[in-house]
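Structure first, commentary second.
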Amino acid sequence: MLEQLEGSQAVARAVGMCRPEVIAAYPISPQTHIVEALSDMVRTSDIDPCEYMMVESEFAAMSACIGASAAGARAYTATASQGLLFMAEALYNASGLGLPIVMTLANRAIGAPINIWNDHSDSMSQRDSGWIQLFAETNQEAVDLHIQAFRLAEELSLPVMVCMDGFILTHAFEQVDLPSQDQVDDFLPSFKPRQMLDPAEPMTIGAMVGPEAFTEVKYLMHAKQLQALDAIPEIAADFTEGFGRESGGLVRSYRADDAETIVVALGSVLGTIEDVIDELREQGVKIGALAIKCFRPWPIDEVREALVDADRVIVIEKAFAVGAGGIVGQNVRLALSGCEPTVFDIVAGLGGRPITRKSLRSLFDEVFEGNIEPNRLHFLDLKKDVVEREIGRTENGRNPGPHAENILRDIGTVASDSH
Amino acid sequence: MAEQQIKGYQTGTFVVGNRLLDPEQRSTQARTERSNTLTSGHRACQGCGEALGARYTLDAAMRATDGKLVAANATGCLEVFSTPYPESSWQLPWIHSLFGNAPAVAAGVAAALKAKGREDVRVVGQAGDGGTVDIGFACLSGMFERNDDVLFVCYDNEGYMNTGVQRSGATPPAARTANTKPVGPEPGNVFGQGKNVPLIALAHEIPYVATATVAEPRDLEEKVERAMELRGARYIHVFVPCPLGWGSASEDTIRLARLVKETGIFPVFEAEKGEVTSVSKIRRHVPVTEYLKLQRRFAHLFKPELNTGVIERLQAGADRNIERFDLLADDEGAEFPGEATDQAGPPESEPGRPVEPDADSDVSSLLRETHGKPR
Ligand SMILES: Cc1ncc(C[n+]2csc(CCOP(=O)(O)OP(=O)(O)O)c2C)c(N)n1
Ligand code: SF4
Ligand SMILES: [Mg+2]
């Protein structure tokens with residue numbers, strides 16, 4: 001049914017229809033509206049049976065999900081940013097134990113400096129944690145991906161993270177087609193755990209493993225992620241059959257058939273990118289886009305196939321590897337190794353800086369004019385004068401003080417946000 | 001078979017031999033149907049108090065729950081010695097996740113069981129002192145505050161044994177560990193404020209808190225049974241000597257667990273909903289030196305000369321416990337001088353008063369006696 005809903009409410013409703021049995025969560029912007037709504041739904045028995053655990057930290061949230069999942073319950077949590085980092089140790093544990101927990105990540109920047117706005121540095125920081133990472137472009141897709149995520153997680157016995165852009169999606173009111181409970185029930189069978197803490201069949205989970213078998217256990221984690229490369233499109237196709245719309249999958253191409261330039265991105269920014277592509281197409285520029293829907297496992301073959309015929313690939317990403325360069329860019333180059341296209345690494349939208357059509361237009365012009373060096377990190381809309389003044393202060397003063405505060409004073413802004 | 005005299009001080013306590021008890025009151029460990037929850041073949045050191053503590057606790061909990069029990073274990077000696085892949089000593093469903101999250105994992109298991117309508121299955125969380133009082137402390141307090149239906153058991157061997165005997169928040173002052181060596185002006189662990197997690201648990205006013213030692217398995221079992229009669233967050237803190245980490249003889253594990261109570265260093269009590277309901281009285285009060293001298297981690301207090309200053313401070317701590325918890329029995333040790341002893345001599349001073357440490361004793365012969373055995 002079509003409804004005008006906030007993204008967080010829509011996701012909460014979708015998660016509720018997936019019948020989680022244990023929800024453990026700790027509040028952090030911009031995830032709060034999701035877990036508040038779920039807490040209401042558990043209190044009013046709209047989700048039943050379900051235990052909602054008001055834990056004391058994200059570390060406890062993930063740990064409680066680990067216990068619940070190992071005891072055979074469908075377990076769910078949601079977090080963002082600092083919360084994801086606070087979970088880090090437990091994230092690796094959940095994936096190492098092969099527990100099919102589903103988590104929403106309301107993508108937000110990581111401090112310092114503390115910042116509550118959107119970018120992808122949180123999910124990228126945990127890209128190698130063994131979790132599957134799916135990225136939603138719209139709130140409709142966020143809803144649909146959660147329903148698919150539980151099925152994917154439980155089929156493969158692997159944890160799945162559904163990433164949606166904080167504020168941009170979580171707090172946006174849009175029309176969303178929410179499925180019926182029957183539709184979800186038909187699509188998502190009840191959870192049959194691969195391993196379970198059960199007194200009728202006592203099992204040791206989480207034993208110590210030494211050099212004689214650790215490689216094999218880790219190999220199987222990798223192999224299961226590669227299996228997911230088959231399972232994700234299958235589940236997406238099944239979803240289309242049951243719900244009548246396309247959602248999810250590994251990658252999605254936009255006007256890329258004859259494209260000489262292909263822009264690669266993840267998440268909600270693709271909407272803006274596609275608008276710019278439409279404008280450029282009208283002017284006869286052969287440009288298209290590739291949406292990465294699944295970042296882990298990395299769909300290396302699909303990405304290569306989608307990009308190999310282009311002349312240049314512009315990767316626009318909302319995170320970067322400090323001191324190294326682009327993250328998605330590195331993965332794209334891996335997919336294209338030995339192939340023609342030149343790859344440009346653009347980091348944009350950090351800490352909530354808007355990625356505007358105007359900026360994208362001038363970026364693409366600069367690339368076409370050969371003003372941007374390939375294979376080197378380029379910061380979109382970097383305020384070079386501000387950076388240079390701060391570098392000057394650092395060189396001159398003996399005790400110049402913290403960068404962030406100097407820069408704020410410099411540009412005359414006083415930040416006052418709630419965290 | 002030689003006749004064995006039953007020591008008078010044992011009657012009326014849970015230490016009493018099974019022969020005198022009604023079969024129904026027999027200790028779990030003395031029953032043929034004992035579940036051997038932590039079964040033989042694990043890799044604990046000889047005389048490991050933690051292995052004993054876990055076995056007593058879980059066998060009693062298994063009996064109390066008719067075998068419907070799940071355990072969540074923190075990283076530490078107990079986890080490592082019990083599950084060298086692909087072997088496992090656990091005969092119950094058991095999960096190990098991380099060092100600092102056992103209370104949260106256990107709470108998650110309990111939540112799952114509740115959602116599934118399987119509240120007949122009960123949950124135990126367990127960790128060493130490090131996993132409880134230090135790195136797992138936030139998760140523990142959260143679990144208490146929510147009153148999750150979990151019995152959490154801390155096996156306190158007063159240090160991070162699994163990583164090679166470093167200091168924890170439960171390591172006593174003056175103790176030598178790998179990172180509190182007897183070097184510098186303040187040898188051994190510093191005198192801090194202490195971190196009495198049983199009392200902190202009590203302050204959460206959870207349904208049940210108890211302390212116990214492996215010297216009195218029947219008392220421990222009784223406490224586990226009581227804990228399993230209740231729902232909500234429950235906590236048992238078990239004192240478990242560690243021969244390897246303490247430099248004590250393997251055969252002294254039980255002796256040390258008894259002496260820690262008899263000195264007043266470790267008060268053994270029980271509490272419900274924030275009120276102390278019972279205290280195990282000291283049966284024969286002994287000075288702290290009786291306890292300290294059996295452990296090489298305290299050897300620097302006796303050699304090269306007696307460190308009376310530090311010993312007095314440790315004695316003062318024990319005395320404070322005795323007063324605070326009212327640990328002395330009115331007739332403590334009085335009736336059976338010479339019999340009510342374990343190994344050390346009977347109290348020489350008047351009944352009810354601790355024996356003063358003998359400052360003139362020959363320290364080197366004392367050390368030879370207690371620490372010189374080949375092992
Ligand atoms: C996050 C983390 N930090 C440190 C360690 C290393 N570590 C493993 S066990 C342990 C000490 C365990 O001490 P305790 O809980 O007292 O158990 P014991 O081994 O003494 O029984 C430490 C420091 C770890 N596994 N994880
Ligand atoms: S080091 Fe201590 S706690 Fe660990 S197995 Fe040995 S005796 Fe037990
Ligand atoms: Mg310890």
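Order of the sequence lines sets the chain letters (A, B, ...), proteins ahead of strands, with each chain counted from 1.
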Do P202(A) and W94(B) have side-chain heavy atoms sitting under 4.5 Å apart? no
Atom CG in L113(B), atom CD in E21(A): separation rounded to 0.5 Å? 10.5 Å
So do the side chains of E79(B) and M208(A) get within less than 4.5 Å of each other, counting heavy atoms only? yes
Please tell me if the side chains of M143(B) and E56(A) come closer than 4.5 Å, counting only heavy atoms from C-beta onward. no
Give a yes or no on this: more than 12 heavy atoms of other residues, nucleotides or ligands lie within 6.0 Å of atom CD of E201(A). no
Proximal component of A61(A), with respect to chain B [non-hydrogen, under 4.5 Å]: neither
Residue among A104(B), A112(B), P84(B) with most heavy-atom pairs under 4.5 Å to chain A: A104(B)
Non-hydrogen side-chain atoms of V55(A) and R146(B) separated by less than 4.5 Å: yes
With chain B, the option among A68(A), A75(A), A24(A) that has the most non-hydrogen atom pairs under 4.5 Å is A68(A)
Need one label for L97(A): side chain, backbone, both or neither, based on atoms under 4.5 Å from any heavy atom in chain B. side chain
Do other residues, nucleotides or ligands put more than 12 heavy atoms under 6.0 Å from the CD atom of Q46(B)? no
Nearest 0.5 angstrom please: M203(A) CE to I95(B) CD1, how far? 11.0 Å
Determine whether more than 12 heavy atoms belonging to other residues, nucleotides or ligands lie under 6.0 Å from atom OH of Y92(A). yes
When the 4.5 angstrom heavy-atom criterion is applied to A72(B) and chain A, the contacting part is neither
So which of S63(A), A64(A), A73(A) has the biggest tally of heavy-atom pairs under 4.5 Å with chain B? S63(A)
Most heavy-atom pairs under 4.5 Å with chain A, out of G67(B), G100(B), P86(B), belong to G100(B)
To the nearest 0.5 Å, what is the distance between NE2 on H96(B) and CG on N93(A)? 7.0 Å
Shortest non-hydrogen contact from C139(B) to F59(A)? SG-CD2, 4.0 Å
Is any side-chain heavy atom of P93(B) closer than 4.5 Å to a side-chain heavy atom of D198(A)? no
Is a side-chain N or O of K116(B) found less than 3.5 angstrom from the main chain of P49(A), in a donor-acceptor match? no
Do you know which of S82(B), S88(B), G142(B), S97(B) has the most heavy-atom pairs with chain A at a distance under 4.5 angstrom? S97(B)
Examine whether an atom of A60(A) lies under 4.5 Å from a heavy atom of chain B, and if so say whether it belongs to the side chain, the backbone or both; otherwise answer neither. both
Which bit of V22(A) comes within less than 4.5 Å of chain B, counting heavy atoms only: side chain, backbone, both or neither? side chain
Where on S57(A) is there a heavy atom nearer than 4.5 Å to chain B: the side chain, the backbone, both, or neither? neither
